[in-house]
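Following: one structure in structure tokens, then a few remarks.
One-based numbering along the sequence shown.
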Amino acid sequence: GSVTISNTGDMNLGLTNASIVNDFISTCGTFVLSWAGATTVSPGESVVLGIDYVATEACLDLPYSDFGHNVLTIQGTDPSNPIHEVTLEGNALYCG
């Protein structure tokens, strides 16, 4: 999957960090983030963060926002929302 970040403002948007904390309880799968690193998104432009779910067995991984597990955290220079969180859910019916 992916998360698309669009700049709908009139100033540059700096993306300074993105990270995922995987669930420590259910260890049957892992969310993996791929992106080019810190970047600047010009007004009207977008950037895509790639997210893969890699399962080692059939399972369901749910987000636990209270603990920050299975959550993508995006940090940037938006003064009204410098930290944004996206909850992640993975479902692997079959593995192998």
**Prompt:** Nearest 0.5 Å, what's the CD-OG1 distance between E45 and T39?
**Reply:** 10.5 Å

**Item:** Test item: I51 and I20 side chains (from C-beta on) under 4.5 Å apart, heavy atoms
**Value:** yes

**Item:** Side chain proximity check, L49 to I74, heavy atoms < 4.5 angstrom
**Value:** yes

**Item:** Spatial distance of atom CG (D52) from atom CG (L33) [nearest 0.5 Å]
**Value:** 9.5 Å

**Prompt:** Does P63 offer a backbone N or O that forms a donor-acceptor pair with the side chain of T87 under 3.5 Å?
**Reply:** no

**Request:** With the side chain counted from C-beta on, respond yes when T77 and L15 share a heavy-atom pair under 4.5 Å apart, and no when they do not.
**Result:** no

**Complete:** All heavy atoms of C59 vs all of G29, minimum pair found to be SG-N, 4.2 Å

**Message:** Counting neighbours of CG on N81 that are heavy atoms of other residues, nucleotides or ligands and sit closer than 6.0 Å, is the number greater than 12?
**Reply:** yes

**Prompt:** Is there a side-chain contact between N12 and V41, using heavy atoms and a 4.5 Å cut-off?
**Reply:** no

**Request:** State, with a plain yes or no, whether a side-chain heavy atom of E89 is found less than 4.5 Å away from one of L60.
**Result:** yes

**Asked** Between W35 and V47, is there a shared hydrophobic cluster once you connect ILVMFWY residues whose side-chain heavy atoms come closer than 4.5 Å?
**Response** yes

**Message:** Quick check for you: to the nearest 0.5 Å, what is the distance between S42 atom OG and N7 atom CG?
**Reply:** 7.5 Å

**Message:** Counting C-beta onward and ignoring hydrogens, is there a side-chain heavy-atom pair between T73 and I83 closer than 4.5 Å?
**Reply:** yes

**Asked** Do the non-hydrogen side-chain atoms of D61 and Y53 ever get within less than 4.5 Å of each other?
**Response** yes

**Prompt:** So which heavy atom on T16 is nearest to which on G76, and how close?
**Reply:** OG1-N, 3.9 Å

**Request:** Report yes if the side chains of F31 and N70 come closer than 4.5 Å at any heavy-atom pair, otherwise no.
**Result:** yes

**Request:** Using side-chain hydrogen bond (donor to acceptor under 3.5 Å, both in side chains) as the criterion, list what pairs up with D78, not counting sequence neighbours.
**Result:** S80

**Asked** Would you call the rings of F24 and H69 parallel, tilted or perpendicular if under 30° counts as parallel and over 60° as perpendicular?
**Response** perpendicular

**Asked** Does Y64 have any ring pair (Phe, Tyr, Trp, His ring centres under 6.0 Å) partners at least two apart in sequence or in another chain, and if so, which?
**Response** none

**Request:** Indicate the atoms forming the closest heavy-atom contact of A92 with E57, along with that distance.
**Result:** CB-O, 4.1 Å

